[in-house]
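Below is one structure; the comments refer to it alone.
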Amino acid sequence: MVVSLEQGTVTSLLEENGTIKGVHYKDKSGQILTAYASLTVVCDGCFSNLRRSLCNPKVDVPSYFVGFILTNCKLSDQNYGAIILADPSPIVFYPISSTEIRCMVDVPSQNLPSLSNGEMSHYLKTLVALNVFPETYDSFISAIEKKDNIKIMPNRIMADAPHRTPGALLIGDSLNMRHAITGGEMTVALSDVVLLRDLLRPLHDLSDASVVCKYLQSFYTLRKPMSSTINILASVLHKVFSSSSDPTIEDIQHACIGYLRLGGVFSSGLSAMISGLCPRPLSLAFHLFALAIYGVGRLLLPFPSPTRLWNGAKLFWVSSNIIFPIIHFEGVRQMFFPLTVPAYYRTLPRNKDLRV
């Protein structure tokens with residue numbers, strides 16, 4: 001097999017009679033060229049300009065990450081990242097080298113200050129800096145004051161709602177996105193690559209785009225265990241740990257922290273799912289339900305008075321209103337009952353199904 005590597009910026013898909021035949025791209029000299037392919041794999045990330053005709057590109061932007069690099073400081077535990085559950089939003093720290101720490105501040109989209117006129121720097125100094133670790137405070141302020149050090153990135157959420165398009169396939173953040181607080185984007189994308197590799201490996205002919213497209217419909221079902229587990233955890237954690245004046249949300253926050261402090265299967269189970277090592281929606285459902293029960297039990301102790309019973313019922317109700325819409329967003333049938341999805345049973349096309 002001969003593989004040719006060509007580098008350029010893809011400007012659009014080449015479509016003929018509803019089938020994708022390749023792409024138009026611009027090379028280093030600025031010349032517009034055309035590349036033809038039997039199958040085009042679109043993996044151009046969250047800012048994809050190619051997904052418009054391949055899926056339902058409805059994107060929600062609940063918040064933005066404001067990021068910058070801290071130098072000349074260390075976290076208390078150098079081998080781990082850290083998250084501060086601050087008001088008005090979470091703050092994430094993690095080392096990227098022996099001398100640098102990346103800080104990412106989650107800012108709600110409706111309250112995003114302007115970077116150009118200095119409002120962002122003022123926001124970080126007055127509302128955020130007071131919540132950071134003492135050992136990072138001076139470096140935090142220095143990083144804010146450093147010119148062109150602050151970068152802003154939208155946190156996007158988009159369900160995987162692909163259109164059946166012969167000749168093309170979406171993977172990674174081109175297909176769906178989750179809130180970035182858990183850093184699961186590349187985990188899902190690389191899982192998609194491995195899954196697609198295994199599906200394509202037995203095929204020796206991709207010339208009939210409609211037959212290949214029908215076969216590859218199973219990809220969107222088979223990817224669900226990994227993508228839905230990470231997507232749901234990311235969205236739930238963001239909703240729970242974002243600042244709220246609702247005391248019930250604060251009870252849920254304390255319940256989450258207490259649940260993780262139990263250790264054992266409780267903390268390791270959630271950690272395994274966040275990292276993509278345990279992509280099982282049923283395990284996720286178990287932990288979310290167990291967390292809610294733990295939170296209710298915590299409120300009822302030491303004696304279940306009427307007030308405690310009422311607070312416990314509110315916690316369970318608010319938790320359900322957070323979790324169930326996100327599960328519905330991901331697709332209950334595809335997550336928990338994949339065997340009922342016809343595409344799950346897609347088999348290899350027979351030789352006579354493919355034109356040579």
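On a predicted model such as this, the values are computed, not experimentally measured, just so you know.
Put simply, the side chain of Val107 reaches to within 4.5 Å of the side chain of Tyr123, judged on heavy atoms. Met273 has its side chain within reach of His287: a pair of non-hydrogen atoms, C-beta onward, lies under 4.5 Å apart. Between Ile157 and Phe329 there is a side-chain heavy-atom pair separated by less than 4.5 Å. Contact annotation: the side chain of Leu270 approaches that of Leu233 to within less than 4.5 Å [non-hydrogen atoms, C-beta and beyond]. By the 4.5 Å heavy-atom criterion applied to side chains, Leu299 and Asp251 are counted as neighbours. Looking only at side-chain heavy atoms (C-beta outward), Leu206 and Leu203 come within less than 4.5 Å of each other. The shortest distance between side-chain heavy atoms of Met335 and Leu282 does not fall below 4.5 Å. Looking at Thr182 and Leu237, their side chains come closer than 4.5 Å, going by heavy atoms from C-beta outward.
Of all heavy-atom pairs between Thr229 and Pro281, the closest is OG1-N, 3.6 Å. When all heavy atoms of Ala180 and Glu185 are compared, the closest pair comes out as CB-OE2, 3.0 Å. The minimum heavy-atom distance between Leu75 and Pro95, with the atom names listed, is CD1-CD, 4.0 Å. Counting all heavy atoms, side chain and backbone alike, Cys73 lies closest to Ile101 at O-CD1, 3.7 Å. Counting all heavy atoms, side chain and backbone alike, Asp192 lies closest to Phe219 at O-CE1, 3.6 Å. Across all non-hydrogen atoms, the minimal contact from Lys125 to Glu145 is NZ-OE2, 3.3 Å.
The hydrophobic clustering, which links ILVMFWY residues whose side-chain heavy atoms are closer than 4.5 Å, places Val59 and Tyr64 together. Under the 4.5 Å side-chain heavy-atom criterion for grouping Ile, Leu, Val, Met, Phe, Trp and Tyr, Leu115 is connected to Ile91 within one hydrophobic cluster.
Thr307 and Ser305 share no side-chain donor-acceptor pair at under 3.5 Å. A donor-acceptor pair shorter than 3.5 Å can be found between the side chains of Asp208 and Ser210. A side-chain N or O of Arg333 and one of Thr340 form a donor-acceptor pair less than 3.5 Å apart. Using a 3.5 Å distance cut-off with no hydrogens or angles, the side chains of Asn176 and Arg156 do not pair a donor with an acceptor.
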Practice prompt. Could you go through the side chain to side chain contact (heavy atoms under 4.5 Å, CB included) check for Leu175 and Arg51 one step at a time?
Written response: CA-CA 7 Å; Leu175 172 60; Arg51 69 164 68 100; over 6 Å; no

Worksheet entry | ring pair (Phe, Tyr, Trp, His ring centres under 6.0 Å) assessment of Phe266 paired with Tyr294 | CA-CA 11 Å; Phe266 304 104; Tyr294 171 83; 8.2 Å; no

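Not less than 6.0 angstrom separates the ring centroid of Tyr94 from the ring centroid of Tyr80. Ring pair Phe140/Phe68: centre-to-centre distance below 6.0 Å.
Residues passing the side chain to side chain contact (heavy atoms under 4.5 Å, CB included) test with Phe289, sequence neighbours excluded: Ile293, Phe316. For the side chain to side chain donor-acceptor pair (under 3.5 Å) test, residues two or more places apart in sequence or in another chain that qualify with Ser48 are Asp44.
Judged by distance alone, with hydrogens and angles left aside, the side-chain atoms of Ser109 form a donor-acceptor pair with the main-chain N or O of Pro62 at under 3.5 Å. Although no hydrogens or angles enter the test, the distance criterion places a donor-acceptor pair under 3.5 Å between the side chain of Ser319 and the main chain of Leu315. One N or O on the side chain of Asn149 and one on the backbone of Ala143 form a donor-acceptor pair closer than 3.5 Å. A donor-acceptor contact shorter than 3.5 Å links the side chain of Ser275 to the backbone of Ala272. When atom types are taken as modelled, the side chain of Thr40 and the backbone of Ala37 share no donor-acceptor pair closer than 3.5 angstrom. Proximity of a side-chain donor or acceptor of Thr165 to a complementary backbone N or O of Ala168 within less than 3.5 Å is not detected. Checking side-chain atoms of Ser139 against main-chain N and O of Thr136 turns up no donor-acceptor pair under 3.5 Å. Using a distance-only test at 3.5 Å, with no hydrogens or angles considered, no donor-acceptor pair links the side chain of Asp173 to the main chain of Met177.
Checked for salt-bridge contact, Asp160 and Lys224 meet the test: a charged N lies under 4.0 Å from a carboxylate O.
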Solution key, residues 7-25 side-chain donor-acceptor pairs under 3.5 Å, sequence neighbours excluded:
residue	atom	partner	partner atom	Å
Thr11	OG1	His24	O	3.1
His24	ND1	Thr34	OG1	3.0
Tyr25	OH	Glu6	OE1	2.3

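Around the NE2 atom of His122, the shell of radius 6.0 Å holds no more than 12 heavy atoms that belong to other residues, nucleotides or ligands.
Screening His238, His179, Arg178 for a side-chain hydrogen bond (donor to acceptor under 3.5 Å, both in side chains) involving Asn155 leaves a single residue, His179.
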